[in-house]
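Below is one structure, written out as structure tokens; comments come after it.
Every heavy atom of this structure was used, including side-chain atoms; hydrogens, water molecules and symmetry mates were not.
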There are 2 protein chains.
Amino acid sequence: MPEERIVRLRNAGLTPTPQRLAVLEYLDDNHAHPTAEEIYRAVHSRHPTIVKATVYNTLSALKKVGVIQELTIAREAARYEATATPHPHFMCRVCGRIYDVDLPCMVRPGDDVNGHKVEAVHTYIYGVCADCRRDRVENDNHSKLVVPEARDA
Amino acid sequence: MPEERIVRLRNAGLTPTPQRLAVLEYLDDNHAHPTAEEIYRAVHSRHPTIVKATVYNTLSALKKVGVIQELTIAREAARYEATATPHPHFMCRVCGRIYDVDLPCMVRPGDDVNGHKVEAVHTYIYGVCADCRRDRVENDNHSKLVVPEARDA
DNA sequence: GTGGCTGCAAATCATTTGCATATAC
DNA sequence: GTATATGCAAATGATTTGCAGCCAC
């Protein structure tokens with residue numbers, strides 16, 4: 001329902017341009033936490049005139065009004081998701097995938113921590129995801145589970 | 001005590017060069033979570049031959065062996081701290097300072113979340129710090145506490 | 001109409017890399 | 001002596017910006 005997205009943008013004070021609607025639609029449907037580059041490629045394929053700077057400007061505008069969120073879970077590039085209930089994220093150092101995880105937070109917007117006023121909380125968990133643990137066992141189930149080269153931490 | 005740092009690097013399997021010792025000493029003494037640029041400037045002033053690439057290589061090496069940690073709390077640049085007990089960080093969107101905060105974590109390395117193996121947890125809290133809240137009240141104590149331009153979230 | 005977008009090109013800025021030399025042990 | 005790290009310069013890559021024309025309303 002495009003109308004719903006138009007309303008969402010209008011309510012946020014943003015002109016609902018086709019480009020912004022396309023980016024937002026993509027994020028509504030894609031829960032893999034894409035980078036700006038990935039968003040650009042996907043949107044560009046249906047909307048060939050769009051340029052990367054517009055994607056960046058759009059992401060920045062959507063973020064500012066709280067319609068999407070930016071994750072700094074990886075140093076190389078920001079990741080984006082349509083705003084939902086705040087939740088932690090897990091990034092696999094083997095395959096690089098990012099998962100939403102279902103865990104309560106100890107702090108919430110509006111709280112006070114050590115006298116500081118909380119407005120947002122981002123929890124990033126790093127490790128090896130369920131799929132990659134399984135693969136490792138399947139490929140080599142006589143040796144212990146050993147950690148290979150670390151991508152990051 | 002430089003000997004202690006030499007031992008720390010040796011135990012981690014790293015050659016204790018003067019450059020690495022200088023970077024590590026700076027991080028041991030500075031708890032403001034500096035960027036690579038800030039570390040470079042500080043170390044360069046006592047060690048004028050050091051070059052930024054060496055600071056980056058050093059930070060990367062120290063991180064890989066777990067002697068320091070890299071924070072991705074801000075998109076613009078990584079921040080570093082000497083490794084301590086894992087703890088959440090708070091970044092003030094008014095002054096940009098980063099504080100260590102004293103809160104328990106709900107997940108720890110070794111845990112399992114949704115089937116994923118946890119190796120590290122980074123919690124980043126954003127808002128307005130105690131100092132900046134106080135300043136705002138002092139400068140304008142007849143109006144409500146209003147949030148100005150958002151730097152980020 | 002006009003102010004806010006988009007497309008385009010160029011700039012910025014953090015971070016990385018290749019390579020010859022210097023250093024740690 | 002030899003493997004490893006440093007210094008230097010150039011490359012990379014994400015993100016930003018300035019600006020002229022276009023689009024939404």
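C:dA10 atom P lies 18 Å from atom OH of A:Y56, rounded to whole Å. One can place CZ of B:R20 at 11 Å from P of C:dC25, the figure rounded to the nearest angstrom. Nucleotide C:dG4 holds its C1' atom 14 Å from the CG atom of A:L9, rounded to whole Å. In this entry the distance linking NZ of A:K64 with P of C:dC5 reads 11 Å, nearest Å. When rounded to the nearest whole Å, the span between OH of A:Y40 and C1' of C:dT6 equals 13 Å.
Put simply, A:T54 has a side-chain N or O that comes within less than 4.0 Å of OP1 or OP2 on C:dG7. OP1 or OP2 of C:dG7 lies within a sub-4.0 Å distance of a side-chain N or O belonging to A:Q19. Proximity of A:R75 to the phosphate of C:dA14: no side-chain N or O atom is located under 4.0 Å from OP1 or OP2.
Considering only the side chain of A:T49, C:dG7 comes nearest among C:dT15, C:dC25, C:dG7.
In terms of heavy atoms, B:D102 sits closest to A:N114 at N-ND2, 3.4 Å.
At a threshold of 4.0 angstrom between heavy atoms, the contacts of A:A78 are confined to the sugar-phosphate backbone, with no base atom among them.
In this pair, B:H122 and B:Y124 present their aromatic rings perpendicular. The plane angle is above 60°, beyond the 30 to 60° band. Between B:H89 and B:H33, the ring planes lie perpendicular to each other; the angle is over 60°, past the 30° to 60° tilted range. Classification of the B:H116-A:Y99 ring pair by plane angle, with boundaries at 30° and 60°, yields tilted.
The existence of a salt bridge linking A:R108 and A:D111 is excluded, since no basic side-chain nitrogen approaches an acidic carboxylate oxygen closer than 4.0 Å. A salt bridge links A:R93 with B:E119: at least one charged nitrogen is closer than 4.0 Å to a carboxylate oxygen.
Along DNA chain C, the nucleotide closest to B:P16 and the one closest to B:N57 are compared, and the more 5′ of them pairs with B:N57. Both A:L14 and B:R10 lie close to DNA chain C; mapped to their nearest nucleotides by heavy-atom distance, the more 5′-ward contact belongs to A:L14.
When DNA chain D is scanned in the 5' to 3' direction for atoms under 4.0 Å from non-hydrogen atoms of chain A, the outermost contacting nucleotides are D:dA14 to D:dC25.
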- Task: Show the numbers, then the answer: is there a salt bridge (Lys or Arg N to Asp or Glu O under 4.0 Å) between A:D28 and A:R5?
- Result: CA-CA 10 Å; A:D28 277 341; A:R5 270 186 279 273; 2.7 Å; yes
Side chain to side chain contact (heavy atoms under 4.5 Å, CB included), that's the test. Do A:M106 and A:V121 meet it? Break it down for me. CA-CA 9 Å; A:M106 52 196 157; A:V121 180; over 6 Å; no
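Over its length, the helix from C:dG1-D:dC25 to C:dC25-D:dG1 turns its helix axis by 40°, as judged from the five terminal pairs at each end, rounded to 10°.
Among the candidates A:V23, A:L24, A:T58, the single residue satisfying the side-chain contact (heavy atoms from CB on, under 4.5 Å) test with A:V43 is A:V23.
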